[in-house]
Amino acid sequence: PGGSALSDPDFWLDSPLRDTRDIILFDQRGTGFSLPSLDCWETTDYAENEETEFASSIDAAAACRVRLVEEGVDLTQYNSAASAADADDLRQALGIEQWNLYGVSYGTRLAMTIMRDFPAGVRSVLLDSAYPPDVDGYTEEARNSIVAIDVLLAGCAADADCNDAFPDLSARFYDLVATLNDEPAEIDGYETTGDALVNFLFDALYDTETIPYLPLVIHEAANGNYEPWTALEAGDEEEGYHRRQDEEGDASENDGDADGMFYSVECRDAVPFSDLDQAAELVEDYPPQVTEGLLASTEETFAICELWGAGVAPPRENKPVVSRIPTLILAGEYDPVTPPAWGKRAGRWLFNDQYVEVARGGHAVSFLGECGPQLAAAFFDNPEQPLDTSCLAGELLPFALNVSELP
């Protein structure tokens with residue numbers, strides 16, 4: 001939540017879906033080009049400006065909340081149910097009897113909310129990287145992150161070439177994180193910790209095309225060579241397309257990220273149904289040098305939600321969505337934020353669904369190469385027919401085994 005569908009229209013202009021269909025991009029209230037904007041320039045300033053006036057991310061979020069409320073924004077009116085109603089109003093305003101829903105990540109939660117509240121207007125649904133309402137996301141957040149890294153390490157161990165090139169990779173990874181947290185390494189002029197490595201891997205596991213290089217990164221870093229890590233990290237950095245309000249509150253530029261919308265949705269729809277103590281229990285079997293940083297992120301979200309004032313969603317927002325609308329559920333094997341288990345969980349209550357898991361896939365697998373968009377188009381053309389997924393075999397990238405293979 002908080003992301004804009006309109007921040008990258010070029011991707012959709014090139015989509016094969018346009019060969020046979022109209023594509024409607026929907027900025028939720030508070031995001032992207034919708035007004036008022038719930039963008040928090042304060043949190044961006046804290047994250048990007050070394051001379052920021054804010055003492056912490058929580059302090060920055062608190063300042064954003066004060067400003068938004070002073071501007072007249074009612075933070076309780078920005079949530080999944082409200083956005084679902086907005087979407088259905090849009091459908092009716094456009095004179096569309098039924099449309100197909102295409103949701104990715106949080107978009108799947110919004111899509112399932114529309115399926116629940118406005119089923120008559122929905123012909124079929126594609127859920128890519130599912131986030132079903134009935135999961136307690138922040139209870140599972142830290143565990144999902146470390147489990148995804150473990151699945152990656154196990155995938156290398158199960159691959160003969162990867163295991164031969166990088167033996168005992170799991171043990172070396174955990175040792176490396178502990179070592180870097182005890183004695184940070186200086187990389188490009190900055191002290192870099194084990195937590196930074198875990199965060200890098202978490203972010204990198206989103207991107208299916210980056211995943212094949214990650215065992216090599218861990219192996220080289222364990223040997224004291226951090227260049228593969230820094231090279232991949234630099235390649236993932238994008239300049240962004242920022243929307244920031246000036247002192248008069250005018251919005252001029254748009255990156256699609258509205259932190260205020262993120263907090264309004266998550267602090268109402270998700271955090272109240274999660275538990276910090278349970279989150280710690282779920283990772284107690286993992287080394288604390290790995291999980292402490294992950295839990296700290298979850299604790300930060302809870303702290304912000306305590307002050308945000310978005311209200312608490314009714315119990316139905318934490319219940320499974322039950323439907324017989326034709327639905328395609330796509331999942332990536334290594335997805336660190338919406339794991340395959342969540343897609344399978346959503347499918348238990350969707351009684352006309354197809355589930356496809358992409359081997360070595362990350363997040364948002366319907367965007368993968370040529371095959372992902374082909375699967376989406378084929379499903380929408382014939383949502384009741386079994387999907388031919390044979391094209392996925394050509395998308396399975398081998399693990400990189402030496403530094404000469406780095407992009």
| said: Going by disulfide (SG to SG under 2.5 Å), name the pairs with one or both residues in residues 140-175, residues two or more places apart or in two chains. | reply: C156-C162

| Just by distance, do the side chain of D269 and the backbone of S80 share a donor-acceptor pair under 3.5 Å? | yes

| said: If the condition is side chain to side chain donor-acceptor pair (under 3.5 Å), which residues does Q354 pass it with, not counting sequence neighbours? | reply: none

| said: For A82, is there any backbone N or O sitting under 3.5 Å from a side-chain donor or acceptor partner on N79? | reply: yes

| Just by modelled atom types, is the G103 backbone N or O under 3.5 Å from a matching donor or acceptor in the D128 side chain? | no

Which side-chain N or O atoms in residues 368-380 pair as donor and acceptor under 3.5 Å with protein atoms at least two apart or in another chain?
none

| request: With sequence neighbours left out, write down each residue that passes side chain to side chain donor-acceptor pair (under 3.5 Å) with D275, or none if nothing qualifies. | output: none

| Any side-chain donor-acceptor pair under 3.5 Å between D207 and T210? | yes

| Residues two or more places apart in sequence or in another chain: which of them pass ring-ring contact (aromatic ring centres under 6.0 Å, His included) with Y106? | none

| remark: The complete set of ring pair (Phe, Tyr, Trp, His ring centres under 6.0 Å) pairs with one or both residues in residues 127-147, sequence neighbours excluded, reads Y131-W342

| M261 side chain reached by C40 side chain, heavy atoms, under 4.5 Å | no

| field | Which atom of S83 lies closest to which atom of L110, heavy atoms considered | value | CB-CD1, 3.7 Å

| For residues 81-101, which residue pairs qualify under ring pair (Phe, Tyr, Trp, His ring centres under 6.0 Å), counting only residues two or more places apart or in two chains? | none

| What pair of heavy atoms forms the shortest contact from G343 to I329, and how long is it? | O-CD1, 3.6 Å

Under 3.5 Å donor-acceptor pairs involving side-chain atoms of residues 399-407, not counting sequence neighbours:
{"from": "N402", "atom 1": "OD1", "to": "S404", "atom 2": "N", "distance (Å)": "3.1"}
{"from": "N402", "atom 1": "OD1", "to": "S404", "atom 2": "OG", "distance (Å)": "2.1"}
{"from": "N402", "atom 1": "ND2", "to": "E405", "atom 2": "OE2", "distance (Å)": "3.2"}
{"from": "E405", "atom 1": "OE2", "to": "L401", "atom 2": "N", "distance (Å)": "3.1"}
{"from": "E405", "atom 1": "OE2", "to": "N402", "atom 2": "N", "distance (Å)": "3.4"}

| field | side chain to side chain donor-acceptor pair (under 3.5 Å) contacts in which one or both residues fall within residues 378-394, not counting sequence neighbours | value | R21-D381, N352-E384, D388-S390

| field | Worked check of side chain to side chain donor-acceptor pair (under 3.5 Å) between D259 and T43 | value | CA-CA 8 Å; D259 283 350; T43 57; 2.4 Å; yes

| query | What pairs of residues pass the ring pair (Phe, Tyr, Trp, His ring centres under 6.0 Å) test when at least one of them lies in residues 267-302, not counting sequence neighbours? | reply | none

| task | Identify, with sequence neighbours excluded, every residue that meets side chain to side chain contact (heavy atoms under 4.5 Å, CB included) alongside L282. | result | T139, E140, R143

| remark: Applied to residues 292-318, the side chain to side chain donor-acceptor pair (under 3.5 Å) test, sequence neighbours excluded, yields S57-E300, R116-E317, D117-R316, D136-N318, E141-T298, S264-W308

| said: How long is the straight-line distance from CZ of R91 back to CG of D88, given to the nearest 0.5 Å? | reply: 4.0 Å

